[in-house]
Visitor: 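Below you'll find the structure I mean.
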Amino acid sequence: MDKHPLLVQIINKAKQQQHENNNKTKDKPFVPLAKSTINIYVANINKLYRTTESNETLESLEWLTERSKIKSFVNSLNSTNTRKNYLSAILTLLNYDRERFKSELAFYTDIAQGNYENITVEKKHDNKTIVEKVVTLQQFDDFLSTLSKDHCLKKEYLLFLFLRYFPIRNEIATLIYITASDFNKLDKETKLSNNYIVEMSQTKKFKVIRSKYKTSNIFGTIQFEIVSNPLKNTIKNYVRYNEIASNSPLFMYHDKQMTENQVSQRLSYVSEHSSLAVKLSTSSIFKIIVSDYFNNTKDTIDEQKRFLKRFSLIRGTKLSTLVDYYIYKKDDDTSSINSE
């Protein structure tokens, strides 16, 4: 006989509510938790309840509002997977009355998301066979060094060098060079209809402003600055050498602005017919950079997350997508982590 029959009822009802509010599962039949799983939930919930030292009853669920005590307990757990189990129990209970615990749901969901990121980063860090490296970063850098000496491939060198530091997608082809003063004269609609690389004369740096790219409907306009060598000086020299006027395409191909498809073709052709003998794309360059970092890093998990978030924001890629498609093989099963 269950020691906490009312709590078991709450858990089952909450799980059903959770199922019905999840867009991925709401159209599928609900399957109640197995007794062994229920027992684990009950044990974890009891332990959480005791840490709050609440005067409220266990079944009232009011003790879940003791955020600081519960957060401290969860953070004290050494294993990310153990933390996941406790957070899963908390989120399940809160689904029993979503409206009543709306604020708590947002609070604990944020903690659970951070813990999920820790799990995925740790999984990558421990598995060196996951990333399918095309070439090493050192080989890529050697290739760049050789390419820099070929005056017939100045455009291709800049493309590869740019992607080395800011691995965006093929929309790199659509960048329009413009001075800061000219950019400020543009109307809002024009700015949002193009991708720009703005030369900031006073600060002697470049600002890249992208509004037209694959995931712009999710991330909106993305901006980042280019402030250091060798990329900054290479861009300056390229603009001067090619006499590119303000508000003109940065990359031309046969007297027209380069297309995204042409970028893909040129990257592939030049890299294949080099010492690398491998076809590179914007995606594979991104994989090389991320792979090299994870195979050599001694950073903490938080530092690794900051590394990933920086590139996810530069590229315009959700962190979960980056993990699933650029770090893990596509057939890796991370759905069980995401489902909570």
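Reckoned from all heavy atoms, side chains included, excluding hydrogens, waters and symmetry mates.
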Visitor: Name the orientation class of the two ring planes belonging to F224 and F166 (parallel below 30°, tilted from 30 to 60°, perpendicular beyond 60°).
Guide: parallel
Visitor: Within the distance-only criterion (no hydrogens, no angle test), does the side chain of D150 pair as donor or acceptor with the backbone N or O of T146 below 3.5 angstrom?
Guide: no
Visitor: Is N237 reaching over with its side chain to a backbone N or O of N233, donor-acceptor style, under 3.5 angstrom?
Guide: yes
Visitor: Are side-chain heavy atoms of S248 and E243 found at a separation under 4.5 Å?
Guide: no
Visitor: What class does the angle between the rings of Y238 and F251 fall in, given that below 30° is parallel, 30 to 60° is tilted and above 60° is perpendicular?
Guide: tilted
Visitor: For the aromatic rings, using the six-membered ring if either is Trp, is the centroid distance between Y96 and F101 under 6.0 Å?
Guide: no
Visitor: Does the side chain of L231 reach to within under 4.5 Å of the side chain of L158, using non-hydrogen atoms?
Guide: yes
Visitor: Assess whether side-chain contact (heavy atoms from CB on, under 4.5 Å) is satisfied between I178 and L186, documenting all intermediate values.
Guide: CA-CA 11 Å; I178 192 169; L186 299 176; 3.8 Å; yes
Visitor: Does the distance from a Lys or Arg side-chain N to an Asp or Glu carboxylate O, for E171 and K212, drop under 4.0 Å?
Guide: no
Visitor: Given 3.5 Å as the limit, does a donor-acceptor pair link the side chain of S246 with the main chain of T179, or not?
Guide: yes
Visitor: Is there side-chain contact between L313 and I222, with heavy atoms separated by less than 4.5 Å?
Guide: no
Visitor: In terms of side-chain geometry, is the basic nitrogen of E62 or R100 positioned less than 4.0 Å from the acidic oxygen of its partner?
Guide: yes
Visitor: Under a 3.5 Å distance rule, please check whether T25 uses its side chain to pair with a backbone N or O of H19 as donor and acceptor.
Guide: yes
Visitor: Quick one: do V270 and M252 end up in the same hydrophobic cluster if we chain Ile, Leu, Val, Met, Phe, Trp and Tyr together by side-chain heavy atoms under 4.5 Å apart?
Guide: no
Visitor: So, D141 and R164, do they make that salt bridge, N to O below 4.0 Å?
Guide: yes
Visitor: Salt bridge check: are E199 and K207 linked by an N-O gap of less than 4.0 Å?
Guide: no
Visitor: Start with the C-alpha distance between S283 and R315, add both sets of side-chain angles, then the distance that settles side-chain contact (heavy atoms from CB on, under 4.5 Å), and finish with yes or no.
Guide: CA-CA 10 Å; S283 293; R315 192 171 174 82; 3.4 Å; yes
Visitor: Are any side-chain N or O atoms of K205 and backbone N or O atoms of V227, one a donor and one an acceptor, separated by less than 3.5 Å?
Guide: no
Visitor: Looking at side-chain heavy atoms only, is the closest gap between V278 and F140 below 4.5 Å?
Guide: no
Visitor: If we count only N and O atoms by modelled type, under 3.5 Å, do the side chains of S274 and S271 hold a donor and an acceptor together?
Guide: no
Visitor: Regarding N85 and N81, is there a side-chain donor-to-acceptor distance under 3.5 Å anywhere?
Guide: no
Visitor: Within 45° of the ring axis of Y241 and under 6.0 Å from its six-membered ring centre, is that where the NZ or CZ of K154 lies?
Guide: yes
Visitor: Look only at the side chain of N21 and the backbone of Q17, and say whether a donor-acceptor pair between them is shorter than 3.5 Å.
Guide: yes
Visitor: Is there side-chain contact between Y157 and S148, with heavy atoms separated by less than 4.5 Å?
Guide: yes
Visitor: Quick check, are the ring centers of Y86 and F73 under 6.0 angstrom apart?
Guide: yes
Visitor: Judged by atom type as modelled, is there a donor-acceptor pair below 3.5 Å linking the side chain of Y293 to the main-chain atoms of L308?
Guide: no
Visitor: Return yes if some donor-acceptor pair links the side-chain N/O of R169 with the main-chain N/O of G316 below 3.5 Å, else return no.
Guide: yes
Visitor: Would you say the side chains of S181 and N184 form a donor-acceptor pair under 3.5 Å?
Guide: no
Visitor: When you look at Y213 and F219, which way does the ring-ring contact (aromatic ring centres under 6.0 Å, His included) test go after all the steps?
Guide: CA-CA 10 Å; Y213 58 98; F219 290 89; 7.2 Å; no
Visitor: Answer yes or no: is there a side-chain heavy-atom contact under 4.5 Å between K185 and D182?
Guide: yes
Visitor: So does E66 pair up with R50, basic N to acidic O under 4.0 Å?
Guide: no
Visitor: Does K149 reach the main-chain N or O of S145 with its side chain, forming a donor-acceptor pair under 3.5 Å?
Guide: yes
Visitor: Q257 and I176: side-chain contact (heavy atoms from CB on, under 4.5 Å), yes or no, with the steps?
Guide: CA-CA 9 Å; Q257 182 171 26; I176 295 173; 4.2 Å; yes
Visitor: Taking S72 for the side chain and S68 for the main chain, is one N or O donor matched with an acceptor at less than 3.5 Å?
Guide: yes
